[in-house]
Amino acid sequence: TYDVKINTSNLNQFCMPSTVVIGGFFGDEGKGKIISYLALHDKPTIVVRGGAGPNAGHTIKDGDKTYKVRMLPSGFLNKDAKVMIGPGVVVNPDVLLKEINDFGVEGRAFLDNNCGIIEQSHREQDSAGRLKEKIGSTGSGTGPANAERAMRTLKMAKEIDVLKSYLIDVPLEINSALDRKENVLIEGTQGTHLSLWHGTYPFVTSKDVTASGICADVGIGPKAVDDVIVVFKSYLTRVGTGPMPGELSAEETSQKGWEEFGTVTGRLRRAAEFDFDLAKRAIMLSSANQISITKLDVRFPKCAGVKSIDELDDDAKSFIKNIEEKLGVPVTLIGTGPLVDDVIDIRV
Ligand code: IMP
Ligand code: MG
């Protein structure tokens, strides 16, 4: 059981180094890359994933290796960190076990006893009919599994034999680590405007994916969070259906060099200009106190691979400055290339 300690010290000085990273647009903001950078740089003892399920896809490039991650936390590159999946996430055991094997994380990968389990029937429901055609779902079975969970009929991880050796109590592990003043990195999936509560319903995913939702998924309360980093890409993309302000044609998208394909589905992503209204609302919904801007090199090719703010040219600098001024939150991490350490880190 959890060892409750009464904290009598000044609450303002009571610092637990927990960081939550979430997406601010429609997913695919480049969270995976930023999370792997933080996992290597900040040395968390635990990287824990919240969010919906294997509908998420993060691409991580480390040297000449490219990893496409759907179930494990993107922070697995830090070999000293335990990687965990919170009870709020629905898990496809085949995808999880393959990633544990392919990415060499056996022995330090865990999931909560109460993670929900995606079965073949969920994938079938997700790959045909209304969910596929109207919502443009990823076909991963995530939505139907969450629906069954709400019906209280979904299987839990603790009922699945092949998962036995990976099961733990994730909330207990992360709260105990925070009590020991260790760093914990909490990663979100999808993006704010795909949230079931706050997004462009019905063109949304099957969970809330704002910072509060992600914290609930892994079992951490709002007062135990130190930093909320919202990740915005330098331009907007959306895969699947639903409204998208200022959507560009396929030709305009390719002219700008903003053409992207989905990690999970391979679909061409729709693209548009950076949207300040969506960004402002994402910050409000998650109380974000830091902004990360990714793919700055796609907008400003001259800044490819740059690692210090002084080396940015004037156009790139004023793009960042304008974001800070319009949104009133500091930009602390900037992605300048696909590699894990292609990052300008200006956190204080
Ligand atoms: P579902 O979550 O698979 O049901 O898909 C619902 C909507 O959310 C579709 O438009 C998907 O393309 C989108 N979606 C779900 N997960 C992600 C993600 O990780 N990145 C981007 N879009 C996503
Ligand atoms: Mg993705």
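For ligands, and for the atoms within them, numbers begin at 1 and follow the listed sequence. Quick note: numbers below take in every heavy atom, side chains included, and nothing from hydrogens, waters or symmetry partners.
By the criterion of a heavy-atom distance under 4.0 Å, the side chain of Leu194, and not its backbone, is placed next to ligand 1. Here Phe203 has no heavy atoms under 4.0 Å from ligand 1, in either its backbone or its side chain.
The distance cut-off of 2.8 Å around the Mg ion (ligand 2) captures these protein N, O or S atoms, sorted by chain and number: Asp28 OD1, Gly57 O.
The shortest contact between atom 16 (N) of ligand 1 and any protein heavy atom is with Gln190 NE2, 3.1 Å. Scanning the protein for heavy atoms near atom 21 (C) of ligand 1, the closest one is Asp28 OD2, 3.0 Å. If you check which protein heavy atom lies closest to atom 3 (O) of ligand 1, you get Thr138 OG1, 2.6 Å. Counting protein heavy atoms only, atom 6 (C) of ligand 1 is closest to Val204 O, 3.3 Å.
Listed by number with element, the atoms of ligand 1 under 4.0 Å from a non-hydrogen atom of Thr205 are 2 (O). The ligand atoms of ligand 1 that sit less than 4.0 angstrom from a heavy atom of Ile135 are 6 (C), 9 (C), 10 (O). Within ligand 1, counting atoms from 1 as listed, the ones closer than 4.0 Å to a heavy atom of Phe26 are 21 (C), 22 (N).
Of the polar atoms of Arg267, at least one N or O is found under 3.5 Å from an N or O of ligand 1, judged by distance alone. Residue contacts with ligand 1: Asn55 is placed with a nitrogen or oxygen under 3.5 Å of a nitrogen or oxygen of the ligand (distance criterion only).
Using cut-offs of 30° and 60° on the angle between ring planes, the pair Phe76 and Tyr67 is perpendicular.
Between atom 1 (P) of ligand 1 and the options Gly191, Ser137, Ala56, the minimum heavy-atom separation is to Ser137.
Inspection of the Glu148 and Thr153 side chains reveals an N or O donor paired with an N or O acceptor under 3.5 Å. Judged by distance alone, the side chains of Tyr37 and Asp342 never bring a donor and an acceptor atom under 3.5 Å apart. Thr210 and Ser286 share no side-chain donor-acceptor pair at under 3.5 Å. Counting only N and O atoms by type, the side chains of Thr336 and Asp297 include no donor and acceptor under 3.5 Å apart. Judged by distance alone, the side chains of Asn146 and Ser206 do bring a donor and an acceptor atom under 3.5 Å apart.
Trp197 has its side chain out of reach of Val204: every pair of non-hydrogen atoms, C-beta onward, lies at least 4.5 Å apart. Residues Arg267 and Phe261 fail the side-chain proximity criterion, which asks for heavy atoms closer than 4.5 Å.
Close to ligand 1: Val239, with a non-hydrogen atom less than 4.0 angstrom away. For Gly136, the closest heavy-atom approach to ligand 1 falls below 4.0 Å.
Note on Ile46: it clusters hydrophobically with Val20, by side-chain heavy-atom contacts below 4.5 Å among ILVMFWY residues. Linking ILVMFWY residues whenever their side-chain heavy atoms come closer than 4.5 Å, directly or via other members, leaves Phe26 and Leu285 in distinct clusters.
Checked against a 6.0 Å centroid threshold, the rings of Phe274 and Phe276 count as neighbours.
Taking both residues in full, the closest heavy atoms of Ala272 and Gly246 are given as CB-O, 3.4 Å, listed atom of the first, atom of the second, then distance.
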(message) Would Glu173 and Met84 count as a side-chain contact (heavy atoms from CB on, under 4.5 Å) here? Give the steps.
(response) CA-CA 9 Å; Glu173 292 289 331; Met84 299 183 183; 3.9 Å; yes

